[in-house]
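Hydrogens, waters and symmetry mates play no part in the numbers below; they use all other heavy atoms, side chains included.
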Amino acid sequence: MQMSLDGFAEGPDQEIHWPVVDEELCGEFLDELRTADMFLYGRKTYEIMASFWPTADADPAISPFYIEFARCWKATPKVVFSRTLHGADWNTRVVRTALVEEIAALRTDSDYRMVLFGGTRTAATFLEYGLVDEFRLFVHPVLLGGGVPLFPSTAAFGLQLVDVVTFDSAVVQMHYQRPDVFVGASDRCLVLGASAGQGNQ
C-alpha cells in the first residue's frame, strides 16, 4: 500500500491522490499481481480503480504497460467489502458482512493468493485478526502531517524483511513477511499490496 513518510495512507481531508504512482512503480508489482488469484478492496479504493481501469486499454494514447495492467485487473476476480455498495461489475463480488469469516474461509479451504489494496479500514480489520502474511509498502517522500494512519495502534508484531527497492521517484518499496509464515510453503497467502489507481501518473 501507499504511505507517506510519516505513516499515513490518507491525508487530513481523506485525500488519497497524493502518491506518485508512475509506470516504474507499478511495473515492480505487476508480475506479483499476475500470480494473484483474487484482488481485495474496500469500497473507496475499488471505486477509484473501477473508474479508470475497465476502459484504460481502449485509450489509443495509453502506454503498453497500462494496457497490460488494465487487462490483468479486469481478468482477475475481485471482492469488495462494503455495506453500502449494492453491486459491482468487472468480475467483482460484493461482500457486505462477515469480512473476517470470508477471508478466513478462503485461506483455509482454497489455494488462493490474495492481494489487499485497501482501504485503510479494511486493512486495519485484516491486521487485527492476523490475516495478512506479506506486506508491500510503498513509502513516498512526503510528509502529510496528519490523516489516516496505515497501521492501527492495535497492530503489534514483528516482521521479516524480504527486500527493499528504491525508485527514480524516490519512492521506496519495503517488502516484509511475518516470520511465522513461510511464503512458498503454501499457496495460501494474503498480501497487503499497492494500489495502482490513477494516482499522479
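- Asp168 places a side-chain heavy atom less than 4.5 Å from the side chain of Glu24.
- With a 4.5 Å cut-off on side-chain heavy atoms, Val100 and Phe126 do not count as touching.
- In plain terms, the two heavy atoms of Ser4 and Val142 that are nearest each other are CB-O, 3.4 Å.
- Nearest heavy-atom pair, Pro179 versus Leu159, reported as atom, atom and distance to 0.1 Å: CD-CA, 3.9 Å.
- Atoms OH and CG, from Tyr129 and Leu99 in turn, are 9.5 Å apart once rounded to the nearest 0.5 Å.
- Between the Asp6 side chain and the Leu143 main chain, no donor and acceptor come within less than 3.5 Å of each other.
- Shortest non-hydrogen contact noted between Pro141 and Ser169 is CG-O, 3.9 Å.
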### Message
Apply side chain to side chain contact (heavy atoms under 4.5 Å, CB included) to residues Phe65 and Leu30 and explain how you reach the verdict.
### Response
CA-CA 9 Å; Phe65 168 80; Leu30 183 55; 3.5 Å; yes
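- Residues Gln177 and Arg136 form no side-chain contact, since every pair of their non-hydrogen atoms from C-beta on lies 4.5 Å or further apart.
- In this structure, Leu137 and Gln173 have side chains that are not in contact, with every pair of non-hydrogen atoms separated by 4.5 Å or more.
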### Query
What do the steps show when you test Phe135 against Val191 for side chain to side chain contact (heavy atoms under 4.5 Å, CB included), and what is the final call?
CA-CA 6 Å; Phe135 298 77; Val191 181; over 6 Å; no
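- For the residue pair Gln160 and Arg178, no side-chain donor N or O sits within less than 3.5 Å of a side-chain acceptor on the partner.
- To the nearest 0.5 Å, atoms CG (Asn91) and CE (Met38) are separated by 9.0 Å.
- Under the 4.5 Å side-chain heavy-atom criterion for grouping Ile, Leu, Val, Met, Phe, Trp and Tyr, Val148 is not connected to Leu116 through any hydrophobic cluster.
- At least one side-chain heavy atom of Arg113 sits less than 4.5 Å from a side-chain heavy atom of Thr35.
- A salt bridge links Glu10 with Lys44: the closest approach of a Lys/Arg side-chain nitrogen to an acidic carboxylate oxygen falls below 4.0 angstrom.
- Between the side chain of Arg96 and the backbone N or O of His86 there is at least one donor-acceptor pair closer than 3.5 Å.
- Atom CG of Asp13 sits in a sparse spot, with 12 or fewer heavy atoms from other residues, nucleotides or ligands closer than 6.0 Å.
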### Task
Check the pair Phe167 / Val172 against side chain to side chain contact (heavy atoms under 4.5 Å, CB included), numbers first and verdict last.
CA-CA 6 Å; Phe167 300 96; Val172 177; over 6 Å; no
Using a 3.5 Å cut-off and no angle test, enumerate the donor-acceptor pairs between side-chain atoms of residues 74-83 and protein atoms at least two apart in sequence or in another chain.
{"from": "Lys74", "atom 1": "NZ", "to": "Pro54", "atom 2": "O", "distance (Å)": "3.2"}
{"from": "Lys74", "atom 1": "NZ", "to": "Asp57", "atom 2": "OD1", "distance (Å)": "3.1"}
{"from": "Lys74", "atom 1": "NZ", "to": "Asp57", "atom 2": "OD2", "distance (Å)": "2.9"}
{"from": "Thr76", "atom 1": "OG1", "to": "Cys72", "atom 2": "O", "distance (Å)": "2.8"}
{"from": "Lys78", "atom 1": "NZ", "to": "Trp73", "atom 2": "O", "distance (Å)": "2.5"}
{"from": "Lys78", "atom 1": "NZ", "to": "Thr76", "atom 2": "O", "distance (Å)": "2.8"}
{"from": "Lys78", "atom 1": "NZ", "to": "Trp90", "atom 2": "O", "distance (Å)": "2.9"}
{"from": "Ser82", "atom 1": "OG", "to": "Thr84", "atom 2": "N", "distance (Å)": "3.1"}
{"from": "Ser82", "atom 1": "OG", "to": "Thr84", "atom 2": "OG1", "distance (Å)": "3.3"}
{"from": "Ser82", "atom 1": "OG", "to": "Leu85", "atom 2": "N", "distance (Å)": "2.9"}

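- Taken to the nearest 0.5 Å, the CG atom of Leu33 stands 12.0 Å off from the CD atom of Glu68.
- Placement of Met174 and Val162 in two distinct hydrophobic clusters is found when ILVMFWY residues are connected by side-chain heavy-atom separations under 4.5 Å, directly or transitively.
- Contact detail for Gly42 and Thr122: the closest heavy-atom pair is CA-OG1, 3.5 Å.
- Between Tyr41 and Phe117, the ring planes lie parallel to each other; the angle is under 30°, not in the 30° to 60° tilted range.
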### Query
Can you check side chain to side chain contact (heavy atoms under 4.5 Å, CB included) on Phe151 and Leu127, steps first, answer last?
CA-CA 8 Å; Phe151 293 104; Leu127 289 167; 3.7 Å; yes
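- The hydrophobic cluster containing Ile103 also contains Met1, counting ILVMFWY residues as joined when their side-chain heavy atoms lie under 4.5 angstrom apart, directly or transitively.
- For Tyr46 and Thr92, the side-chain atoms include at least one donor-acceptor pair closer than 3.5 Å.
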